[in-house]
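Only a predicted model underlies this, so the values are computations on that prediction, with no experimental measurement involved.
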Amino acid sequence: MGDYVVVDTHLHFLPSEAIRYAKKTEDGDYGFILKRFSKASQLLQDIEKTLAYMEECRIHMVLLSMGAWIPNGLETCKTINNGYAKIQKEYPNKFITCAHLPVHEGNVAMDELKRSMEVLGLHGVALISSYAHMTIDSEKMMPFYEKISTYEVPIVVHPTLRRPLWGGVKYDLSTTISREYDIAKCVVEILYGVLSRYPDLKFLVSHFGGGMPILKWRLLSSHQPDGWDLPEGVKGHGLTPRELKQRGLWEDFHLKFDKIYYDSAGFGGSMVAMRAAVEGIRRDRITFGTDYPYEFREPMDVREYIADVKSLEIPEDDKKKILGQNVLDLFKIG
């Protein structure tokens, strides 16, 4: 079977210095978040426990981000970035780190991007799926994409923690289904609003893109980009695979969709979701994620999840890609 390198691409660490900035914003009540997820809030500030967790889970490296805390402001972002640079230096070859940018605050975020890339040496950029007054395909975002493209680093997208969100807080919809809708909507915005202008950008989107192993096919059947020559009676209608292939739409859709990577966090380690992913998404675009410490906290559960992925009836190379190689390739880590 050979050796596996396991990389968790959805793991959270919040430098404790950032806690003092926690406040309520339109994008999140960070004091409420810390209290609601009290156990996770303790664990995600403890780097020694994170390293012990990695060791016990047999995880070799993790991708760190705290994207949902970006709307808490510039000082929070700078503190997270400084903390990530520190542990990156102290524990080499253990962490892949993301720069956190308060893009909703304008030009100060551009300065922080430059500092994070050129001074701190972070590996990627963290964003969230939407902001209170801005979507990920907003015109205000375009200068950031322009600059990020010059650094040739990936963008890691985490769901917003905004409440209420879409369906509201009844039945905790803001946390469950509404959050997944926001991520799925974000994927569509990336496909049609961002990659059309910056086709070389690389995105890694959380939670299987909000259910993209299934929703992808809904998008594909209605894929009719602007300017595509379609006759009356076809335009605006859903199309079958045969019709899509006949008109070149199938290939055009996948040229865009297959540029995006999707992590496996957010579904509790469900192998139903994972099997749907390996059938519905290119296997070299799927990455393994646990959402520690919000979703997975016990190493026994992570080891079981890893074992389940290894037991999939797919080629051995594909399993190795999902468990680690895909994200190493994405971040150009040898």
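With respect to the salt-bridge test (charged N to carboxylate O, under 4.0 angstrom), the residues Glu189 and Lys185 qualify. Under the 4.0 Å criterion applied to side-chain N and carboxylate O atoms, Arg247 and Glu243 are not assigned as salt-bridge partners. Ionic pairing of Asp252 and Lys256 is present here: one or more N-O contacts between side-chain nitrogen and carboxylate oxygen are shorter than 4.0 angstrom. Ion pair Glu139/Arg197 flagged as a salt bridge, since at least one NZ, NE, NH1 or NH2 atom sits closer than 4.0 Å to an Asp/Glu carboxylate oxygen.
Note that OG1 of Thr97 is 3.5 Å distant from CD of Gln88, once rounded to the nearest 0.5 Å. Within the model, atoms OG of Ser178 and NZ of Lys170 stand 13.0 Å from one another, a figure rounded to the nearest 0.5 Å.
Residues Met54 and Phe95 come closest through the heavy atom pair SD-CE2, 4.1 Å. Considering all non-hydrogen atoms of both residues, Lys321 and Arg283 come closest at CB-O, 4.3 Å. Here the closest non-hydrogen pair linking Gly211 and Phe267 is N-CZ, 4.2 Å. Nearest approach of Asn72 to Thr76, heavy atoms of both residues: ND2-OG1, 2.7 Å. Residues Val153 and Ile148 approach most closely at O-CG2, 3.8 Å, considering heavy atoms. Pairing each heavy atom of Ala265 with each of Glu295, the nearest pair is C-OE1, 4.0 Å.
By the rule that hydrophobic residues join a cluster once side-chain heavy atoms approach within less than 4.5 Å of another member, Val187 and Val156 end up as members of separate clusters. One hydrophobic cluster, built from ILVMFWY side chains closer than 4.5 Å, cannot hold both Leu63 and Ile47; they sit in different ones.
Counting heavy atoms of neighbouring residues, nucleotides and ligands inside a 6.0 Å radius, atom CD of Glu251 does not exceed 12 of them. Enclosure of atom OH in Tyr171 is not indicated, since only 12 or fewer non-hydrogen atoms of other residues, nucleotides or ligands lie within 6.0 angstrom. Counted within 6.0 Å of CZ on Arg218, heavy atoms from surrounding residues, nucleotides or ligands total 12 or fewer; the atom is thus considered open. Surrounding CD of Glu55 are at most 12 heavy atoms belonging to other residues, nucleotides or ligands under 6.0 Å away. For Lys140, the NZ atom is loosely surrounded, since the number of other residues' heavy atoms within 6.0 Å does not exceed 12.
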For the pair Met141 and Met134, evaluate side-chain contact (heavy atoms from CB on, under 4.5 Å) and give the outcome as yes or no after the intermediate values.
CA-CA 9 Å; Met141 291 294 299; Met134 191 171 68; 3.6 Å; yes
side-chain contact (heavy atoms from CB on, under 4.5 Å) between Leu127 and Phe144: does it pass, once the steps are laid out?
CA-CA 11 Å; Leu127 296 176; Phe144 292 100; over 6 Å; no
Stepwise side-chain contact (heavy atoms from CB on, under 4.5 Å) test for Met212 and Tyr262:
CA-CA 9 Å; Met212 279 298 146; Tyr262 304 88; 4.0 Å; yes
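Side chain to side chain, Thr287 and Asn326 fail the donor-acceptor criterion of an N or O pair below 3.5 Å. Between the side chains of Arg163 and Thr175, at least one donor N or O lies within less than 3.5 Å of an accepting N or O. In this model, a donor atom of one side chain and an acceptor atom of the other lie less than 3.5 Å apart for Asp329 and Gln325. Side-chain atoms of Asp182 and Ser130 include a donor-acceptor pair closer than 3.5 Å. Counting only N and O atoms by type, the side chains of Tyr131 and Glu26 include no donor and acceptor under 3.5 Å apart. No side-chain N or O of Tyr261 forms a donor-acceptor pair with one of Thr9 less than 3.5 Å apart. Counted by atom type alone, Arg179 and Ser129 present zero donor-acceptor pairs between their side chains at under 3.5 Å.
In this structure, Tyr53 has its ring center at least 6.0 angstrom away from the ring center of Phe296.
Aromatic ring orientation, His12 versus Tyr294: perpendicular (interplanar angle above 60°, classes split at 30° and 60°).
Contact of the Arg115 side chain with the Leu120 side chain is registered, since non-hydrogen atoms from C-beta on lie closer than 4.5 Å. With a 4.5 Å cut-off on side-chain heavy atoms, Tyr4 and Lys319 count as touching.
If you run side chain to side chain donor-acceptor pair (under 3.5 Å) between His254 and each of Lys259, Arg282, Lys216, His223, only Lys216 comes through.
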